[in-house]
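Inspection log for the structure reproduced underneath, given as structure tokens.
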Amino acid sequence: MPELPEVESVVRSLRDGHPSLIGSRIRSVELAWPGVLAQQPLAVDPAELEGCCFASIRRLGKYLIFSLNCQGKQPRYLVVHLRMTGRLFLVPDSAAVERHTRLALILDHGLALCFDDPRKFGRVWLVNDPETVTGGIGPDALTVGLDEFALRLAGYRRQLKPLLLDQSFIAGIGNIYADESLYRAGLHPLTNSADLLPDGMRRLHAAIRSVLGEAVEAGGANIDGVFKAGSFVVNVYGREGAPCRICGTAISKIRVGQRGTHFCGYCQTL
DNA sequence: CACTCTACCTGTGCGC
DNA sequence: TGCGCACAGGTAGAGT
């Protein structure tokens, strides 16, 4: 499940890989499943992308933001959210549309940018201003400072697990990294944010930064037999019943706000 | 405001 | 072997 580190890794491979997406020109757009386009009515017709060149790629929370130079016309933006099962990658244009391909941008130099998504949860926006898509989310979880983190936290009175998943609080954390961050901070997922002492806030902030930072460097998570983006090894997610790597207690799994939530009942106190 | 539930989807893995 | 079903979860939106 792509969260911040996995999305960052997609950005890096498209931007820094060989070949790179940067500088590529769009020759045509293959909309294999129209439902992939999120907004209605359309702000930008897909056909208007023909002739545009990829100028930059960045990430905000779990959103990928591609800026396009359009031959003297105003720049366009392609915004992508991978949700659960979306994948974005470059292939030879002859192999662009496979079974689960929802959108393919046929590029010059024999390449295609492919958006695959078996579950059809992922979405794409074509807009003149990416803020119209990402405007509602909070600061990026990887870079938010302690002062801003603590200030925002003070505006809520909620269980920590759902709060970390709330993209308008901070952006980029999903179910895996929420559980991993709370474990590293030694905080129980049901702890109420209003009960956090300054030291708990500091620990949570530091845990989020270090977990996400390490996962970015590792190219994403490696979850035994389920999900393999990179080499970041999880401590609690998907390890129900397995021994805590710190104290040996069996990892617990409960449901919090309809989500599977994993924690160590000894290391993470309420 | 905080929470709960549902809908959107389909591949996977389980029990029978 | 094959069928049915629970499950996975990011987000929006409606309801309590």
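Atom set for the values below is all heavy atoms of this structure, side chains included, hydrogens, waters and symmetry mates excluded. Every chain is numbered from 1, with letters handed out A, B, ... down the list of sequences.
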Heavy atoms under 4.0 Å, any strand shown: does [X] hit a base, just sugar-phosphate, or nothing?
| X | answer |
| --- | --- |
| A:R102 | nothing |
| A:K161 | nothing |
| A:R157 | sugar-phosphate |
| A:R158 | sugar-phosphate |
| A:G260 | sugar-phosphate |

Worksheet item: CZ of A:R87 to OG1 of A:T101: how many Å apart, nearest 0.5 Å?
Response: 8.5 Å

Length of the [atom1]-[atom2] vector between [X] and [N], whole Å:
| X | N | atom1 | atom2 | answer |
| --- | --- | --- | --- | --- |
| A:N175 | C:dA8 | CG | P | 9 Å |
| A:K120 | C:dG9 | NZ | C1' | 18 Å |
| A:D116 | B:dC9 | CG | C1' | 15 Å |
| A:I223 | C:dG9 | CD1 | C1' | 12 Å |
| A:R99 | B:dT10 | CZ | P | 10 Å |
| A:M84 | C:dA12 | CE | P | 15 Å |
| A:R123 | B:dA7 | CZ | C1' | 12 Å |
| A:L165 | C:dT11 | CG | P | 9 Å |

Residue pair [X] / [Y], side-chain heavy-atom distance below 4.5 Å:
| X | Y | answer |
| --- | --- | --- |
| A:F232 | A:E6 | no |
| A:D116 | A:F89 | yes |
| A:F54 | A:L14 | no |

Practice prompt. Look at the side chain of A:R259 against the base of C:dA8 and say whether a donor-acceptor pair falls under 3.5 Å; ignore hydrogens and angles.
Written response: no

According to a strict under-4.0 Å criterion, is [X] in side-chain N/O contact with OP1 or OP2 of [N]?
| X | N | result |
| --- | --- | --- |
| A:Q167 | C:dT11 | yes |
| A:H100 | B:dG11 | yes |
| A:R255 | C:dA8 | yes |
| A:K62 | C:dG10 | no |
| A:H81 | C:dT11 | yes |
| A:Y237 | C:dG9 | yes |

Worksheet item: Considering only side-chain heavy atoms of A:Q258, which listed nucleotide, B:dT4, B:dT10, B:dA2, is closest?
Response: B:dT4

Worksheet item: So, are A:E180 and A:R184 salt-bridged, with charged N and O less than 4.0 Å apart?
Response: no

Discussion item. Under 3.5 Å, is there a donor on one side chain and an acceptor on the other for A:N128 and A:R76?
Written reply: yes

